[in-house]
Undergrad: 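Shown below is the structure under consideration.
Quick note: numbers below take in every heavy atom, side chains included, and nothing from hydrogens, waters or symmetry partners. Everything quoted here is computed from the prediction, not taken from an experiment.
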Amino acid sequence: YPSETSTAPLLASLCSLRLPFPDDSGLSGYACRAEPNVRFPNASSQANPPPIERPFRDDPECALILFFFYFNSVSHSLVVHRHRLLAAAMAAIEAGESFVPYDEWGPDICGWISDGGAWITQSAGQRFVTTSPVWARDEEEDAEPTLRSVLVVHDFNPHTVRRVRRELIAQDDRKELANGNLLEYQGPTWVHMHRMPNMNIQTRLPYVMTTLDKIVDYEDVMIDGERVLGIVPPVRILTFAMVSMLNVSMQVHGLLVTNV
């Protein structure tokens, strides 16, 4: 609490958007990040804008907010567009609701990914990047297969989603591109969640998934507005390998809203 002479603003709880985890889920921690961030009071102004010569910029209002929720040895990732999360909060505030169940605000605007990764810097703009494990052999003929990975970029931009959906509607929602990458439309689906009562949760936020053709040895990945950063772990050293975004097809049990 601020002292009588302090000018620090007071926080007032306005509403709580509840998450779907049960009270005994074993939630041990969480992390949250959105990039680009906003500069108040203008929500369209970026806190750290890109170079002025860059022709296209991510809109902070539409950026994904990425949440990591940690449960002992596993984690679950939640992504939601900033403007849609704020709209859900404002609707609750205007209705005078202090606690809003997840089923009333979340299923249509939230995207869940089971065990999405370890770095909170895995989203930028409206994209979220992960790795997917694959068994692969080295070039040597007698080499045993080893567990490696491929890069997977999830694009939640609704304009991209609608365009790709139109393109793939006659192709079983997936096609291989000329560069070997696999392009897929992902609509409403069920996601395996270790800490849910029935071990699953429905996610209705559609997205476009691009799986890169190249098999890599990255332990994990990060992303910014221009590139994917692959993390390669030699002995006790982290080095970074960069993958241009041009290789990708361009085609706590509640969220507490406070007022300053």
Side-chain angles (χ1 to χ4, degrees), residues 29-35 63-80 111-139 143-157 160-161 164 174-177 179-186 189-195 201 203 205-251:
Y30 72 95
C32 170
R33 183 177 185 269
E35 178 63 34
L64 293 177
I65 300 179
L66 170 63
F67 294 89
F68 278 170
F69 298 104
Y70 302 104
F71 304 86
N72 298 325
S73 60
V74 300
S75 67
H76 297 313
S77 304
L78 163 66
V79 293
V80 57
W112 291 92
I113 298 175
S114 181
D115 199 19
W119 296 80
I120 197 63
T121 48
Q122 286 181 226
S123 72
Q126 299 187 65
R127 293 190 180 96
F128 175 66
V129 63
T130 62
T131 58
S132 180
V134 294
W135 288 97
R137 294 180 182 273
D138 292 328
E139 294 182 358
E144 291 293 325
T146 58
L147 189 61
R148 302 172 73 183
S149 57
V150 293
L151 300 182
V152 182
V153 178
H154 308 73
D155 192 334
F156 291 87
N157 187 315
T160 303
V161 171
V164 172
R174 58 188 292 164
K175 72 173 180 180
E176 184 174 333
L177 303 177
N179 59 6
N181 295 342
L182 180 63
L183 184 68
E184 300 176 79
Y185 165 82
Q186 182 63 68
T189 187
W190 289 90
V191 177
H192 181 69
M193 302 283 281
H194 300 278
R195 298 296 174 172
I201 186 172
T203 178
L205 183 64
Y207 59 90
V208 171
M209 185 166 64
T210 303
T211 303
L212 275 67
D213 178 55
K214 182 180 179 182
I215 296 176
V216 296
D217 292 317
Y218 302 157
E219 181 179 79
D220 217 327
V221 285
M222 299 184 291
I223 190 174
D224 64 14
E226 298 183 54
R227 62 191 67 83
V228 173
L229 304 175
I231 302 171
V232 184
V235 180
R236 297 187 179 182
I237 300 175
L238 289 181
T239 58
F240 296 89
M242 293 186 293
V243 179
S244 171
M245 283 300 295
L246 295 179
N247 291 332
V248 178
S249 172
M250 288 307 184
Q251 333 250 354

Undergrad: Hey, which of Trp112, Phe71, Phe67, Tyr70 is the one that makes ring pair (Phe, Tyr, Trp, His ring centres under 6.0 Å) with His76?
TA: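 The ring pair (Phe, Tyr, Trp, His ring centres under 6.0 Å) with His76 is passed solely by Phe71 among Trp112, Phe71, Phe67, Tyr70.
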Undergrad: With side chains defined as the heavy atoms from C-beta onward, is the minimum distance between Gln122 and Ile120 less than 4.5 Å?
TA: no
Undergrad: How are the rings of His154 and Phe156 set to each other: parallel, tilted or perpendicular (split at 30° and 60°)?
TA: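 The rings of His154 and Phe156 lie parallel, inter-plane angle below 30°.
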Undergrad: Nearest 0.5 angstrom please: Leu66 CG to Glu35 CD, how far?
TA: 12.0 Å
Undergrad: Is there side-chain contact between Thr211 and Leu151, with at least one heavy-atom pair below 4.5 Å?
TA: no
Undergrad: Minimum heavy-atom separation for Asn181 and Leu212, please, with both atom names.
TA: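 Between these two residues, the closest heavy atoms are OD1-CA, 3.3 Å.
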Undergrad: Got Arg33 and Thr121 here, is their nearest side-chain heavy-atom distance under 4.5 Å?
TA: yes
Undergrad: Report yes if the side chains of Leu182 and Arg174 come closer than 4.5 Å at any heavy-atom pair, otherwise no.
TA: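 They are in contact (side-chain heavy atoms under 4.5 Å apart), so the answer is yes.
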Undergrad: Determine the minimum heavy-atom distance between Arg148 and Val216, stating which atoms define it.
TA: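 Nearest heavy atoms, Arg148 then Val216: CB-O, 3.5 Å.
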Undergrad: Kindly indicate whether the side chain of Cys32, heavy atoms from C-beta on, has any atom under 4.5 Å from the side chain of Phe68.
TA: no
Undergrad: How many angstroms lie between CD in Gln126 and CG in Asn157, if you round to the nearest 0.5 Å?
TA: 4.0 Å
Undergrad: To the nearest 0.5 Å, tell me how far Leu78 CG sits from Leu64 CG.
TA: 10.0 Å
Undergrad: Going from CD on Gln186 to CG on Asp155, what distance comes out if it is rounded to the nearest 0.5 angstrom?
TA: 13.5 Å
Undergrad: Looking at Ala124 and Gly225, what are the two nearest heavy atoms and their distance?
TA: CB-N, 4.1 Å
Undergrad: Heavy-atom distance under 4.5 Å between the side chains of Ile231 and Tyr218, does that happen here?
TA: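 The answer is no, as the side chains (C-beta and beyond) never meet within the 4.5 Å cut-off.
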Undergrad: Say you draw a straight line from NE2 of His192 to CD1 of Ile201; how long is it, rounded to the nearest 0.5 Å?
TA: 12.5 Å
Undergrad: Is there a side-chain contact (heavy atoms from CB on, under 4.5 Å) between Arg127 and Ile223? Walk through the geometry before answering.
TA: CA-CA 8 Å; Arg127 293 190 180 96; Ile223 190 174; 4.1 Å; yes
Undergrad: Between OH of Tyr207 and OG1 of Thr189, what distance do you get to the nearest 0.5 Å?
TA: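 If we round to the nearest 0.5 Å, Tyr207:OH and Thr189:OG1 are 7.0 Å apart.
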Undergrad: Just one of Val134, Val221, Thr131 clears the side-chain contact (heavy atoms from CB on, under 4.5 Å) bar with Ser149, so which one?
TA: Thr131
